[in-house]
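All figures in this text were calculated on a predicted structure; none of them were measured in a lab.
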Amino acid sequence: MSGLVTGDAVVLGLQPARLPSRALALLIDLVVVWTAYMIVMVGVVLASTVLDDAAVAALSVVAFLLVLVGAPIAVETLSRGRSLGKLACGLRVVRDDGGPVRFRHALVRGAMGVVEIMLSFGVIACIASLVSARGRRIGDVFAGTLVVRERVPAQRAAWVVPPPPAWLAGRFTGLDLSGVPDDLWLAIRQYLTRMRQLDPAVSWSVAVRLAGDLASRTGAPVPDGVPPAAYLAAVVHERQGRDVRRAHAAAARASADAAAEGRAAATGAEAGAVTGPAAGAPAAGGPGTAAPEAAAGRGLQGERPGPAPAGADAAPAPAPGGGFAPPA
């Protein structure tokens with residue numbers, strides 16, 4: 001079984017680092033640490049002119065412990081298992097269960113590294129890594145840690161739910177899946193994507209347990225003669241098919257509603273254009289109606305009789321006082 005596996009037979013998908021990459025990362029770290037140590041020692045030598053031999057020896061020991069031992073421990077603790085060399089090579093130190101390392105893990109690794117790396121020039125660490133199945137040195141064994149690769153090519157096919165057997169296609173179309181909780185679906189999907197990486201006995205027991213939980217939620221027992229893993233795959237495939245059909249129906253319904261709203265808006269605009277006032281028609285009581293009325297008034301005034309012209313036959317005016325009226 002490849003990869004890092006916990007005590008619960010769960011594959012974490014982490015690949016142990018190989019010896020060449022670990023050696024390259026260690027070489028980078030040693031170059032950086034020894035460069036810093038030499039700079040500090042130059043300062044100690046310059047200060048030895050004003051200090052006695054005991055003080056110089058004490059400063060040398062302190063510089064060795066702080067720079068060559070303490071600095072790698074601090075960096076590994078603060079960076080959660082990634083030193084400069086490991087960062088350059090794409091490596092990380094993790095616990096046996098895949099969790100991040102803490103100070104006690106880094107302390108044990110750093111203390112054992114003084115013996116198996118610095119004092120033996122890396123010979124002990126190389127031999128231990130070659131003997132170990134996962135490439136661990138003595139410090140990793142005592143600390144319960146492991147150096148893994150972070151830059152691993154993605155395996156997309158391993159995370160795809162396998163399809164059910166052809167003879168189970170469409171067999172669970174009438175199954176009621178409304179009572180299955182999301183956490184059970186998630187557990188089933190995780191099992192189906194990793195069942196080929198589990199031990200056969202562990203895989204069978206997990207499949208039986210998940211199939212029993214799923215059957216109790218749906219109210220229908222697992223059909224006789226159907227393997228539990230195939231049953232789980234078929235039910236998950238049926239649920240995915242229902243989700244796809246539901247999504248397509250919702251999209252079609254949304255597009256139909258949008259088209260109906262567009263047609264209704266277009267119809268309302270056309271109706272408003274037909275029933276509205278005619279173009280150029282004057283409004284009632286407006287200036288357009290005043291001109292005809294004025295013209296009509298002028299016509300009526302022209303038909304009225306004006307004053308009689310002079311000399312025309314007219315009734316003589318009575319003479320004042322009722323006397324004689326001379327002839328015209």
Is any side-chain heavy atom of [Y] closer than 4.5 Å to one of [X]?
X	Y	result
Val226	Trp167	yes
Val75	Leu84	no
Val67	Trp34	no
Glu76	Arg82	no
Glu238	Leu175	no
Val94	Thr145	no
Leu198	Tyr191	yes
Pro228	Arg209	no

Any donor-acceptor pair under 3.5 Å linking the side chain of [X] with the backbone of [Y]?
X	Y	answer
Thr49	Leu46	yes
Glu116	Ile138	yes
Arg92	Arg80	yes
Arg217	Leu184	no
Thr193	Gln190	yes
Ser203	Asp199	no

Establish whether [X] and [Y] are linked, either directly or via other cluster members, by ILVMFWY side-chain heavy-atom contacts under 4.5 Å.
X	Y	value
Leu107	Val147	no
Ile188	Val180	yes
Phe142	Leu146	no
Tyr37	Val32	no
Val131	Val123	yes

- Heavy-atom neighbours of Asp52 CG exceed 12 at 6.0 Å: yes
- Heavy atoms of other groups near Arg18 CZ, more than 12 under 6.0 Å: no
- Task: Among Arg22, Arg134, Arg136, find the residue that satisfies the side-chain contact (heavy atoms from CB on, under 4.5 Å) test when tested with Ser129.
- Result: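 By the side-chain contact (heavy atoms from CB on, under 4.5 Å) criterion, Ser129 pairs with just one of Arg22, Arg134, Arg136: Arg22.
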- Message: I'd like to know if Arg95 and Asp140 make a salt bridge, using a cut-off of under 4.0 Å between side-chain N and carboxylate O.
- Response: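 No, Arg95 and Asp140 are not salt-bridged.
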- Task: Salt-bridge test for Arg189 and Asp182: reply yes if a basic N is under 4.0 Å from a carboxylate O, no otherwise.
- Result: no
Looking only at heavy atoms, what is the nearest atom pair of [X] and [Y], with distance?
X	Y	value
Ala63	Val40	CB-CG1, 3.7 Å
Ala88	Ile28	CB-CD1, 4.1 Å
Ser205	Val202	OG-O, 2.8 Å
Leu91	Ser21	CD1-O, 3.7 Å
Pro223	Phe172	CG-CE2, 3.8 Å
Val222	Ala215	CG2-CB, 4.0 Å

Distance from [X] atom [atom1] to [Y] atom [atom2], nearest 0.5 Å?
X	Y	atom1	atom2	answer
Leu232	Trp185	CG	CH2	9.0 Å
Leu30	Ile117	CG	CD1	7.0 Å
Lys86	Leu26	NZ	CG	7.0 Å
Leu24	Cys89	CG	SG	4.0 Å
Arg239	Asp243	CZ	CG	5.0 Å
Arg102	Thr77	CZ	OG1	11.0 Å

- Task: Check step by step if side-chain contact (heavy atoms from CB on, under 4.5 Å) holds for Val44 and Ser60.
- Result: CA-CA 7 Å; Val44 172; Ser60 301; 4.1 Å; yes
- Task: Starting from the C-alpha separation in whole Å, work towards a yes-or-no answer on side-chain contact (heavy atoms from CB on, under 4.5 Å) for Leu210 and Leu214.
- Result: CA-CA 6 Å; Leu210 291 177; Leu214 182 60; over 6 Å; no
- Any donor-acceptor N or O pair under 3.5 Å, side chains Asp29, Ser83: yes
- Task: May I have the step-by-step check of side-chain contact (heavy atoms from CB on, under 4.5 Å) for Ile73 and Phe103, ending in yes or no?
- Result: CA-CA 8 Å; Ile73 294 174; Phe103 173 73; 3.9 Å; yes
